[in-house]
Amino acid sequence: HLCRLLAVAHPEVGMALMEDEREVFRSPPCRDRKSRAAEIFGQTFARDLLVMDPRDGLEGSGIRSLEGLLGAPGVGRSSRAEMAVYVNRRPVDSRLLNYAVIESYHPYLPKGRYPVAFLFLEVDPSLVDVNVHPAKREVRFRKEAEIRRFVMESILERLESASKKSLQQVQRVEPVRSLAVSPVVESKPSFAPRLPPDPAHSGGSSRSKVRREGPTSLPIEKADPAPIEAPVVAQPSESQVEAESPREESPTRLNWQFI
């Protein structure tokens, strides 16, 4: 882990770690810190990193500059394993710097998530107390309030800039999407309905005018429908009528006798 942290701090230097004549880590020289992070942790990890350009401190405060790599807003981890701070290009443990980073990401990460950050703070060596821990890993500062404020302002400025840029990109994409959607056009029949002639206006004229609703609303002349002719039925002859007509039966005479 320490070898990786040193490799990120010095991207221009190629590094290799040997253990029992076996190579356990190697990283070639890279052009910048983000390229070194991509080479060590992967392209997917580096794609979510923001480059924070060097920001100069206040003159006479002993704070020289701050730069590094920050996780984009919304990118977090379940632990602090990928959050590292450097003082004068040396990885250190500092409660002040760690909490300053976490508080800066408070509006951008949910509770229980930790930011991804590689911060490089350059200060006057007289402001650093390295005699806190025997391993010289943990450090303290003499101007804690000024350093904390400077670190938080620098991080918030970079995160706000990234958030505004993302919002502008979303606003530029929305009009393009709206143009891609074709409007719904109500389909209309391509033929004109055949209407019966109006009795009030059909006298003396064999053609009637029908007005159809449309874009131009122009009258369209349409001929009246042809009259339906009844089918011609042949008339039967007189012989057929006589043959088919029923014969009249003669009345039956009854004789009444009284006994």
Side-chain angles (χ1 to χ4, degrees), residues 1-2 4-13 30-41 45-77 79-109 113-133 136-166:
H1 181 68
L2 180 60
R4 291 183 176 183
L5 295 179
L6 291 174
V8 174
H10 304 273
E12 71 282 358
V13 179
C30 300
R31 64 178 182 274
D32 52 27
R33 292 192 178 102
K34 189 170 183 177
S35 300
R36 177 57 66 85
E39 200 276 329
I40 295 176
F41 301 101
F45 175 85
R47 190 162 42 245
D48 296 330
L49 294 178
L50 304 173
V51 178
M52 185 172 67
D53 296 329
R55 180 180 180 183
D56 297 333
L58 297 176
E59 185 177 357
S61 63
I63 304 173
R64 297 174 181 174
S65 65
L66 178 68
E67 60 181 314
L69 302 173
L70 299 175
V75 177
R77 299 291 186 269
S79 66
R80 303 181 186 179
E82 296 173 357
M83 186 174 65
V85 293
Y86 300 77
V87 176
N88 298 336
R89 304 188 74 177
R90 175 186 172 187
V92 298
D93 288 334
S94 172
R95 293 183 179 180
L96 175 70
L97 297 180
N98 289 338
Y99 282 109
V101 175
I102 294 174
E103 290 179 12
S104 301
Y105 273 87
H106 179 72
Y108 302 97
L109 289 179
R113 304 292 290 179
Y114 297 94
V116 178
F118 297 90
L119 285 182
F120 299 87
L121 178 64
E122 296 288 337
V123 297
D124 192 322
S126 61
L127 299 180
V128 184
D129 183 8
V130 296
N131 296 320
V132 178
H133 193 271
K136 308 296 183 181
R137 181 70 188 271
E138 185 177 354
V139 297
R140 290 180 181 176
F141 300 95
R142 289 183 172 85
K143 296 182 179 181
E144 291 187 350
E146 295 182 14
I147 292 175
R148 178 178 176 272
R149 182 171 58 254
F150 173 71
V151 172
M152 291 188 63
E153 290 177 354
S154 302
I155 296 175
L156 286 173
E157 181 180 353
R158 184 65 183 92
L159 295 178
E160 290 176 0
S161 176
S163 299
K164 291 180 180 179
K165 185 177 180 181
S166 300

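Numbers here simply count residues along the sequence, with the first being 1. The shown structure was predicted, so the numbers you read here are calculated from the model rather than taken from an experiment.
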Could you tell me which non-hydrogen atom of Leu109 sits nearest to which non-hydrogen atom of Val75, and how far apart they are?
CD2-O, 3.5 Å

How about Val85 and Val92: do any of their side-chain heavy atoms sit closer than 4.5 Å?
yes

Say whether, by atom type as modelled, one donor and one acceptor occur between the side chain of Arg89 and the main chain of Ala9 under 3.5 angstrom.
yes

Can you check whether Arg158 reaches Arg55 side chain to side chain, under 4.5 Å on heavy atoms?
no

Smallest separation among heavy atoms of Arg4 and Ile40, with atom names:
CD-CG2, 3.8 Å

Given the rule in the side-chain contact (heavy atoms from CB on, under 4.5 Å) test, do Val8 and Phe120 qualify, once you have shown the distances and angles that lead to the verdict?
CA-CA 10 Å; Val8 174; Phe120 299 87; 4.1 Å; yes

Side-chain (Ser154) to main-chain (Phe150) donor-acceptor, under 3.5 angstrom
yes

Parallel, tilted or perpendicular: which fits the ring planes of Tyr108 and Tyr105, with parallel below 30° and perpendicular above 60°?
perpendicular

Does a sphere of radius 6.0 Å around CZ in Arg113 hold more than 12 heavy atoms from other residues, nucleotides or ligands, not counting ones at 6.0 Å or beyond?
yes

Side chains of Asp32 and Pro11: does their closest heavy-atom pair fall under 4.5 Å?
no

Should we say atom CD of Glu59 is surrounded by more than 12 heavy atoms from elsewhere, each under 6.0 Å from it?
no

Exam field: side chain Arg64 to backbone Gly57, donor-acceptor pair closer than 3.5 Å:
no

Does Leu127 offer a backbone N or O that forms a donor-acceptor pair with the side chain of Lys143 under 3.5 Å?
no

Minimum heavy-atom distance between Leu50 and Gly71, given as atom pair plus value:
CD1-O, 4.3 Å

What one should report as the nearest heavy-atom pair of Ser65 and Leu121 is O-CD1, 3.6 Å

cation_pi(Arg36, Phe118) dist<6.0 Å, angle<=45:
no

Do Arg80 and Tyr99 meet the cation-pi criteria used here (NZ or CZ under 6.0 Å from the six-membered ring centre, within 45° of the axis)?
yes

Got Arg137 and Pro91 here, is their nearest side-chain heavy-atom distance under 4.5 Å?
yes

Residues Leu70 and Ala117: closest non-hydrogen pair is CD2-CB, 4.0 Å

Can you list the steps and then say if Val87 with Leu97 is a side-chain contact (heavy atoms from CB on, under 4.5 Å)?
CA-CA 10 Å; Val87 176; Leu97 297 180; 4.1 Å; yes

To the nearest 0.5 Å, atom CZ of Phe45 lies from atom NZ of Lys34 at 11.0 Å

With the side chain counted from C-beta on, respond yes when Val151 and Leu119 share a heavy-atom pair under 4.5 Å apart, and no when they do not.
yes

Quick check on Arg95: does its CZ atom have over 12 non-hydrogen neighbours (other residues, nucleotides or ligands) under 6.0 Å away?
no

Quick one: side-chain hydrogen bond (donor to acceptor under 3.5 Å, both in side chains) pairs with a partner in residues 123-132, sequence neighbours left out?
Asp124-Ser126, Asn131-Lys136

Point-to-point distance, once rounded to the nearest 0.5 Å, from CD of Glu67 to CD of Glu122
7.5 Å

CE/Met152 to CD1/Ile147 distance, rounded to the nearest 0.5 angstrom?
14.5 Å

Please report the shortest heavy-atom distance between Glu103 and Pro107, naming the atom on each side.
O-CD, 4.2 Å

